[in-house]
Novice: 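What follows is a single structure, and I will ask about it in a moment.
Numbers restart at 1 for each chain; the letters A, B, ... are given by sequence-line order, proteins then strands.
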2 protein chains.
Amino acid sequence: MESQDLRKAGLKVTLPRLKVLEILESAEQRHMSAEDVYKRLLNMDEEIGLATVYRVLTQFEGAGLVSRLSIDGAHAVFELEDGSHHDHLLCIRCNRIEEFIDEVIEQRQREIAQQKGFEMTDHSLYIYGVCRDCQQKNES
Amino acid sequence: MESQDLRKAGLKVTLPRLKVLEILESAEQRHMSAEDVYKRLLNMDEEIGLATVYRVLTQFEGAGLVSRLSIDGAHAVFELEDGSHHDHLLCIRCNRIEEFIDEVIEQRQREIAQQKGFEMTDHSLYIYGVCRDCQQKNES
DNA sequence: GGTGTAAATGAGAACGTTTTTCATTTATAT
DNA sequence: ATATAAATGAAAAACGTTCTCATTTACACC
Ligand SMILES: [Mn+2]
Ligand SMILES: [Mn+2]
Ligand SMILES: [Zn+2]
Ligand SMILES: [Zn+2]
């Protein structure tokens, strides 16, 4: 019952919020843009505006239910927050997104921040490349 | 003589391009947004449009003369390309930007890409935090 | 179950950054 | 000097995202 998640987050239980949560939970793609979510809503014949989708996703972010990736110049994408930090690998051909976590990198980042006198609050790491599938498609 | 840099890059030698190059070379801040460059031009009483500044910076990027940082949701910032890759630390209070390079992180990234079957083409790493100066200003 | 109130929504306007369009100007090869 | 392709300025458009404001809705209380 997702209603509890919403109430716990101090948000009223409304149809747009339930539907957006449902989409994020059942999507085959874990990382979705606001536009992706909006299109899915249209397919489900839900008359929910794009502005509402943005609002809801932003509120979910504030409530810690989702996190937002700000990839380069592209759209922001959102994913359900599962409490575990991770970073991302992106295919520049097909936009596939893979996740990874590397403690060595995490630790080095902390050391670099300390060495430069920074109190680290966050970091953002994206590795770009061509995924295995896209490499094969390109063999000539 | 910056004209040579331009000609080498296959770009005609024009006043806007010379001025933008000059600004990037003499700026006290190594990282500048298009707007920053444009404002500097106005101060120098050069009547160069913002669209031209964007165009020139984008061409310089294509020619390998400058590189573009796409920081989170903020403006893009540009810096003169010196051939040496580095990553960035950003102060979330005063927007100060510091540079660093860490071979351990670079190497781990290569390993992660390989492990996931990606042919790595690029990466982007930003560490966010509060710089030393801004920490002191906040002591209560 | 009604009622009142604050919160949430939809539609479209506004936003800030960046790109495009198009008529005019300019650099450069001849 | 001339011709031609490239570069420019100004304004409009594009883009993703946020805001405004009139209307609707959730839900605390009776
Ligand atoms: Mn993820
Ligand atoms: Mn730099
Ligand atoms: Zn791919
Ligand atoms: Zn600072």
Novice: Could you give me the CA-CA distance, side-chain angles and deciding distance for Arg55(B) and Thr58(B), then say whether side-chain hydrogen bond (donor to acceptor under 3.5 Å, both in side chains) is met?
Specialist: CA-CA 5 Å; Arg55(B) 262 189 301 241; Thr58(B) 302; over 6 Å; no
Novice: Is any side-chain N or O of Arg55(B) under 3.5 Å from a base N or O of dT21(C), one able to act as donor and the other as acceptor?
Specialist: yes
Novice: Please verify the inter-ring angle class for His86(B) with His88(B); under 30° counts as parallel, over 60° as perpendicular, anything in between as tilted.
Specialist: perpendicular
Novice: Check the distance between dG9(D)'s P and Tyr38(B)'s OH and give it to me in whole angstrom.
Specialist: 10 Å
Novice: Could you tell me whether Gln29(B) atom CD has more than 12 heavy atoms of other residues or ligands within 6.0 Å of it?
Specialist: yes
Novice: Considering only dT28(C), dT19(C), dC19(D), which nucleotide approaches the side chain of Lys12(B) most closely?
Specialist: dT28(C)
Novice: Using heavy-atom distances to pick each residue's nearest nucleotide on DNA chain D, tell me which of Thr58(A) and Ala51(B) is more 5'.
Specialist: Ala51(B)
Novice: Rounded to the nearest angstrom, tell me the gap between atom CG in Leu15(B) and atom C1' in dT26(C).
Specialist: 11 Å
Novice: How many whole angstroms separate atom NZ of Lys19(B) from atom P of dA27(C)?
Specialist: 13 Å
Novice: Identify the residue among Glu28(A), Glu46(A), Glu35(A), Glu22(A) that makes a salt bridge (Lys or Arg N to Asp or Glu O under 4.0 Å) with Arg40(A).
Specialist: Glu28(A)
Novice: What nucleotide among dT28(C), dT17(D), dC27(D) has an atom nearest to a side-chain atom of Arg7(A)?
Specialist: dC27(D)
Novice: Over how many whole Å does the gap from Glu35(B) atom CD to dC15(C) atom P extend?
Specialist: 16 Å
Novice: Tell me which residues in residues 26-34 of chain B lie within less than 4.0 Å of DNA chain D, going by non-hydrogen atoms.
Specialist: none
Novice: Quick one: do Glu98(A) and Phe118(B) satisfy side chain to side chain contact (heavy atoms under 4.5 Å, CB included)? Show the steps, please.
Specialist: CA-CA 10 Å; Glu98(A) 297 216 21; Phe118(B) 274 58; 3.8 Å; yes
Novice: Going by ring-ring contact (aromatic ring centres under 6.0 Å, His included), name the residues that satisfy it together with His123(A), two or more places apart in sequence or in a different chain.
Specialist: His85(A)
Novice: For Thr14(A) and dT9(C), is the shortest distance between a side-chain N/O and OP1 or OP2 below 4.0 Å?
Specialist: yes
Novice: For the side chain of Ile48(B), counting heavy atoms from C-beta on, which of dT9(C), dA27(C), dG9(D) is nearest?
Specialist: dG9(D)
Novice: Could you please name the option among dT17(D), dT28(C), dC27(D) that lies closest to any side-chain atom of Val13(B)?
Specialist: dT28(C)
Novice: Begin from the C-alpha positions of Gln115(A) and Glu111(A) and carry the test side-chain hydrogen bond (donor to acceptor under 3.5 Å, both in side chains) through to its verdict.
Specialist: CA-CA 6 Å; Gln115(A) 184 185 313; Glu111(A) 287 167 15; over 6 Å; no
Novice: Starting from the C-alpha separation in whole Å, work towards a yes-or-no answer on side-chain hydrogen bond (donor to acceptor under 3.5 Å, both in side chains) for Gln107(A) and Arg110(A).
Specialist: CA-CA 5 Å; Gln107(A) 177 57 26; Arg110(A) 282 181 228 115; 2.3 Å; yes
Novice: Among dT8(D), dG10(C), dT19(C), which is the nearest nucleotide to the side chain of Pro16(A)?
Specialist: dG10(C)
Novice: Counting only side-chain heavy atoms from C-beta out, which of dA8(C), dA7(D), dT17(C) sits nearest to Tyr54(B)?
Specialist: dT17(C)
Novice: What integer distance in Å separates Leu18(B):CG from dT8(D):P?
Specialist: 10 Å
Novice: Identify which nucleotide among dA11(C), dA10(D), dG16(C) has an atom closest to any side-chain atom of His75(B), counting heavy atoms from C-beta outward.
Specialist: dG16(C)
Novice: Can you tell me the distance, in whole Å, between the CD atom of Gln59(A) and the C1' atom of dA7(C)?
Specialist: 10 Å
Novice: Report the residue (Leu11(B) or Ala76(B)) whose heavy-atom-nearest nucleotide on DNA chain C is the more 5′ of the two.
Specialist: Ala76(B)
Novice: Using atom CD of Glu46(B) as one end and atom P of dA7(D) as the other, report the distance to the nearest whole Å.
Specialist: 19 Å
Novice: Counting any heavy atom closer than 4.0 Å, what does Glu47(A) reach on the DNA or RNA strands: base, sugar-phosphate only, or nothing?
Specialist: sugar-phosphate
Novice: How many whole angstroms separate atom CG of Leu57(B) from atom C1' of dT8(D)?
Specialist: 15 Å
